[in-house]
Amino acid sequence: MPSQLVNEYFREEHLPHIWCPGCGHGIVTRAIVKAIDNLGINKDDCCIVSGIGCSSRASGYLDCNTLHTIHGRALAFATGIKLANPELNLIVITGDGDASAIGGNHLIHAARRNIDITTVVYNNNTYGMTGGQYSPTTPTGDKGTTAPYGNIDMNFDLCELAKAAGATYVSRGTIFTANMLIKQIEEGIKNKGFSFIEALTTCPTYYGRKNNKGDAVDMMTYLKDHAINVTAYDKLTDEQKAGKFVIGELHRGNRAEYTEEYQKIIDSFSKEC
Ligand SMILES: Cc1ncc(C[n+]2csc(CCOP(=O)(O)OP(=O)(O)O)c2C)c(N)n1
Ligand code: SF4
């Protein structure tokens with residue numbers, strides 16, 4: 001990352017970061033910083049809120065208004081901040097466990113309300129921070145410390161979940177397609193409503209090691225070889241889609257945004273008084 005971006009957006013006194021060599025979380029964090037910078041948003045007009053996990057540590061490194069909250073609750077905190085100060089650009093940083101296990105209900109309801117928050121899920125298919133337990137996005141059959149014989153649960157498609165719950169911008173990117181990920185986060189920030197970006201990332205230390213995925217480079221190569229852009233993906237047969245996953249912009253909706261609807265109620269009372 002250019003030193004100008006590091007100087008401007010990172011709290012150098014909080015570095016070095018805790019991430020393992022080869023962890024993909026730094027690439028996602030860089031994409032968020034680049035998106036804010038490209039959009040020309042003043043960092044003091046941004047509020048970054050995270051839960052708990054390796055990914056959620058990112059909020060502490062960034063020199064915006066930041067809150068490192070409790071496991072699964074980042075969206076609940078972010079909702080309160082956004083309602084109190086609708087002018088702020090709210091960005092939530094969360095892991096797949098944080099967002100879709102303990103925080104699953106908050107995710108569903110933030111999407112349902114279409115509140116103007118951009119959520120970036122660092123999906124490494126595992127609970128990294130606590131040692132590689134399986135999460136709701138661990139593929140069926142894959143191993144975790146809590147699934148030593150293979151996970152028998154069906155894994156969530158987080159983008160389908162966000163879309164069904166009411167998000168008005170949904171996209172999936174990877175740490176390999178880093179420039180595309182920056183653009184996706186930019187689009188998410190620009191969308192006036194709930195934006196959901198699933199960033200597929202890597203945990204070589206736990207998920208990779210437990211599932212014989214090779215080293216960090218092998219895991220990135222896997223993302224490169226199996227990701228197909230949505231325009232090409234839609235033309236494939238079901239057989240051709242097997243083993244691949246779709247990336248790109250997956251959904252856009254057009255609904256009233258929550259803080260604006262809330263403001264209308266406040267305004268109607270002030271007229272009465
Ligand atoms: C209420 C509560 N339950 C459990 C934990 C333990 N815990 C901390 S981080 C974490 C999982 C984080 O996984 P994920 O959100 O996928 O992020 P990653 O570490 O993989 O980036 C868990 C279970 C906690 N801190 N608080
Ligand atoms: S444990 Fe996994 S997710 Fe956590 S820093 Fe290490 S590689 Fe990244």
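Bear in mind the structure is a predicted one, so any value in this text is a computation, not a measurement. Ligands are counted one by one from 1 in listed order, and the atoms in each one are counted from 1 as well. Numbers here are sequence positions counted from 1.
If you look at atom 4 (Fe) of ligand 2, the protein N, O or S atoms less than 2.8 Å from it are Cys54 SG.
Aromatic pair Phe245/His226: ring centres not closer than 6.0 Å.
A donor-acceptor pair shorter than 3.5 Å cannot be found between the side chains of Thr201 and Asn124.
Within 4.0 Å of ligand 1, counting heavy atoms only, the contacting residues are His25, Ile52, Gly53, Cys54, Ser55, His71, Gly95, Asp96, Gly97, Asp98, Ile102, Asn124, Thr126, Tyr127, Gly128, Met129, Thr130.
Note: His17 and Trp19 have tilted aromatic rings, judged against thresholds of 30 and 60 degrees for the angle between ring planes.
In summary, Glu257 and Arg113 do not engage in a salt bridge, as defined by a charged side-chain N under 4.0 Å from a carboxylate O.
Seen from the ring of Tyr134, Lys143 does not count as a face-on cation partner, given the 6.0 Å and 45° thresholds.
Each side chain to side chain donor-acceptor pair (under 3.5 Å) pair with one or both residues in residues 43-53, not counting sequence neighbours, appears once here: Lys43-Asp63, Ser50-Ser59.
Heavy atoms of other residues, nucleotides or ligands lying less than 6.0 angstrom from CD1 of Ile152 number 12 at most. For Glu239, the CD atom is loosely surrounded, since the number of other residues' heavy atoms within 6.0 Å does not exceed 12.
For Asp142, there are no salt bridge (charged side-chain N to carboxylate O under 4.0 Å, His left out) partners two or more places apart in sequence or in a different chain.
The two residues Gly166 and Asn114 come nearest to each other via the heavy atoms O-OD1, 4.3 Å.
Set against the non-hydrogen atoms of Pro204, the atoms of ligand 2 under 4.0 Å away are 7 (S).
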